[in-house]
Amino acid sequence: MADTIAAISTAMGESGIGIVRLSGKESIDIAEKIFIGKNNKNIKEVDNRKLTYGYIVDGEEKIDEVLIVYMKEPYTYTRENMVEIYCHGGIVPIRRILELTLENGARLADKGEFTKRAFLNGRLDLSQAEAVIDLIKAKTDESYNVSLNQLEGNLSKEVENIREILLNIIAHIEANIDFSDEDIEEIDYKELEEQANLVREKIEKLLSTASKGRILRDGLNTVILGKPNVGKSSLLNAILRENRAIVTDIPGTTRDIIEEYVNIDGIPLKIIDTAGIRDAENIVEQIGVDRAKDMVNKADLIIAVFDASETLTDEDFHIIDIIQDKNTIVLLNKLDLPNEYDKEYLQNLIPNKKIITTSIATGIGIDELENTIKEMFYSGELNIESDAIVTNMRHKNQLIKAEENILDAINGIKINMPLDCIEVDIRNCWDNLGEITGDGIGEDILDKIFSEFCIGK
Ligand SMILES: Nc1nc2c(ncn2[C@@H]2O[C@H](COP(=O)(O)OP(=O)(O)OP(=O)(O)O)[C@@H](O)[C@H]2O)c(=O)[nH]1
Ligand SMILES: [Mg+2]
């Protein structure tokens with residue numbers, strides 16, 4: 001943290017503007033060495049936070065025409081001195097300016113290091129820092145909104161709220177242990193149990209948001225499955241409303257996985273078209289088929305497509321097998337053609353699945369499919385703007401541990417265990433919740449979290 005770090009903060013490519021960013025004690029000194037303002041003005045003659053015009057120079061040589069600003073600690077993103085240089089957005093000027101900052105004493109920032117410093121300097125707690133990466137990676141309005149909610153600290157507040165109750169319990173217990181000889185009022189196990197139950201309820205309420213929260217963040221992992229030629233890629237295209245995947249009447253057209261994001265009335269869907277399931281002779285196709293089967297295990301939802309214009313084959317029965325215990329919507333497709341079997345016949349084979357009859361090629365049934373997905377997953381009870389929502393696996397795991405701790409404590413209270421035993425569980429619960437906001441978190445976990453960031457953030 002003693003170093004001054006530098007990185008390119010904009011995406012690399014051709015763009016109007018590129019930003020090189022510095023953070024740390026020496027930032028402004030480094031900027032002074034490489035910047036000359038209009039009328040030879042030195043950057044230190046410019047006011048804090050004031051954007052100014054000039055050139056980045058390497059000795060006598062002009063590198064680029066830029067705007068530059070410095071911001072003095074502590075009112076910055078990292079709470080350190082920061083400099084931002086707005087140069088031309090090509091790969092060459094940005095790289096040369098970055099190199100120049102490195103030659104003049106900065107060190108190349110690690111992934112997420114700016115945000116890591118913001119966390120270590122107390123500008124953000126850990127769950128808020130994690131929200132920053134989610135914001136950047138958000139692919140739909142909903143995932144963006146839940147990340148913004150977390151960045152604003154809604155989850156942190158709720159976690160701190162619970163920890164405060166735990167702290168009160170701990171203080172109460174300690175007082176009783178320390179002064180047990182004196183005549184302070186003896187602890188009431190009934191009251192202790194009530195408090196612990198309150199904690200349990202609050203933890204469980206947070207946990208109950210986790211599955212929808214994850215879907216809002218990552219999208220509903222939806223896999224289109226079926227034997228070759230039933231209309232899977234046609235379905236992908238119909239949902240996306242564009243010709244994304246190749247559609248032909250040759251079975252085995254799709255070889256690889258095709259992933260796209262789409263938003264169905266507020267539900268973010270990551271939709272995955274796959275190779276038709278069959279015993280392929282072609283090795284490329286067979287790899288595709290294997291991948292399709294892998295995707296099934298990670299799916300939140302499977303859309304299984306069957307072709308009503310041909311009698312069911314072994315491949316169809318194999319798919320019926322795969323989807324038995326999976327969350328599935330079944331499409332009976334090609335209704336515009338003469339049919340070999342009907343919905344009732346298929347329903348008998350899969351009695352517990354919803355079947356929708358479609359003619360994807362003519363657009364019939366797509367609305368009903370979308371409505372069914374909405375009904376299955378619409379999270380009316382979650383208020384994305386204001387509720388504390390758990391979207392992150394790490395947070396969920398900490399909550400699960402905290403829940404176990406509080407349940408242990410409650411069991412201890414019920415059988416009148418000694419107070420110091422109960423206190424251990426309460427303290428563990430407090431610690432486990434603390435790791436969500438980063439309290440007492442280990443260096444290795446921090447490194448892992450920030451390594452998921454991009455450079456320059
Ligand atoms: N008549 C009719 N044809 C359809 C319908 N849906 C798809 N098709 C046709 O069926 C053929 C196969 O469609 P695809 O979407 O490529 O099928 P797929 O399941 O992706 O096939 P693979 O990638 O080979 O596994 C194409 O010729 C489509 O135009 C439908 O509802 N009615
Ligand atoms: Mg296909």
Side-chain angles (χ1 to χ4, degrees), residues 221-262 264 269-299 301-323 326 328-347 350 353-373:
N221 230 326
T222 307
V223 174
I224 307 174
L225 201 67
K227 74 174 175 189
N229 219 37
V230 291
K232 298 180 295 301
S233 301
S234 306
L235 176 65
L236 176 80
N237 292 346
I239 293 176
L240 294 176
R241 289 163 178 86
E242 68 175 70
N243 280 328
R244 169 66 181 82
I246 299 172
V247 168
T248 73
D249 56 3
I250 305 161
T253 298
T254 307
R255 299 286 180 88
D256 209 344
I257 308 263
I258 302 178
E259 291 185 1
E260 284 294 331
Y261 288 86
V262 62
I264 296 185
L269 232 64
K270 179 175 161 191
I271 187 157
I272 301 160
D273 180 21
T274 61
I277 302 285
R278 67 171 169 186
D279 266 331
E281 280 161 21
N282 180 305
I283 173 123
V284 179
E285 189 184 345
Q286 189 54 46
I287 294 170
V289 172
D290 293 342
R291 285 194 179 173
K293 290 181 180 171
D294 281 348
M295 296 317 278
V296 168
N297 297 322
K298 296 182 209 145
L301 172 67
I302 293 171
I303 302 176
V305 188
F306 294 88
D307 179 348
S309 72
E310 286 182 4
T311 44
L312 289 173
T313 60
D314 285 351
E315 290 136 350
D316 289 312
F317 284 107
H318 182 43
I319 285 156
I320 289 174
D321 235 25
I322 295 176
I323 62 174
K326 299 269 188 316
T328 313
I329 299 173
V330 174
L331 301 190
L332 185 55
N333 190 35
K334 304 202 186 180
L335 278 190
D336 51 296
L337 299 179
N339 287 173
E340 289 292 332
Y341 60 98
D342 62 7
K343 179 174 170 180
E344 220 168 281
Y345 174 78
L346 187 61
Q347 190 80 72
I350 27 174
K353 304 283 182 220
K354 161 103 181 171
I355 299 178
I356 300 171
T357 50
T358 60
S359 165
I360 297 168
T362 57
I364 295 170
I366 306 294
D367 279 356
E368 192 182 347
L369 170 64
E370 293 184 347
N371 286 333
T372 307
I373 295 173

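Note: hydrogens, waters and symmetry copies are ignored here, and every other heavy atom, side chains too, is used. Every number for a ligand or one of its atoms is a count from 1 in the order of the listing. The structure displayed is predicted, hence computed values, not measured ones.
- By the 4.0 Å N-to-carboxylate-O rule, D307 lies close enough to K334 to be salt-bridged with it.
- The atoms of ligand 1 that sit less than 4.0 Å from any heavy atom of D249 are 27 (O).
- At distances below 3.5 Å, not a single donor-acceptor pair connects side-chain atoms of R291 with backbone N or O atoms of V289.
- Within the 4.5 Å cutoff, side-chain heavy atoms of I303 are placed close to those of T222.
- No side-chain donor from either of N282 and Q286 sits under 3.5 Å from a side-chain acceptor of the other.
- At least one heavy atom of I250 sits less than 4.0 Å from an atom of ligand 1.
- Considering backbone and side-chain N/O of T274, none are found under 3.5 Å from N/O of ligand 1.
- Nearest protein heavy-atom neighbour of atom 1 (N) of ligand 1: D336 OD2, 2.8 Å.
- In terms of protein heavy atoms, atom 26 (C) of ligand 1 is closest to T248 O, 3.3 Å.
- In this structure, of G365, G252, G276, the residue bringing a heavy atom nearest to atom 24 (O) of ligand 1 is G252.
- Taking each of S359, A361, A238 in turn, the one with a heavy atom nearest to atom 5 (C) of ligand 1 proves to be A361.
- Using a 4.5 Å heavy-atom threshold, the side chains of I355 and I329 count as separate.
- Close approach of ligand 1 to L337 (heavy-atom distance below 4.0 Å) involves ligand atoms 1 (N).
- Closest heavy-atom approach to atom 12 (C) of ligand 1 within the set V289, N229, I246, T362: this belongs to N229.
- Taking only nitrogen or oxygen atoms, main chain and side chain alike, V247 does not reach within less than 3.5 Å of ligand 1.
- Inclusion of N229 in the first shell of the Mg ion (ligand 2) is not supported: no N, O or S atom falls under 2.8 Å.
- Within the coordination shell of the Mg ion (ligand 2), defined by N, O or S atoms under 2.8 Å, T253 is absent.
- Look at G226 and you'll find every heavy atom at least 4.0 Å from all atoms of ligand 1.
- Counting protein heavy atoms only, atom 18 (P) of ligand 1 is closest to K232 N, 3.4 Å.
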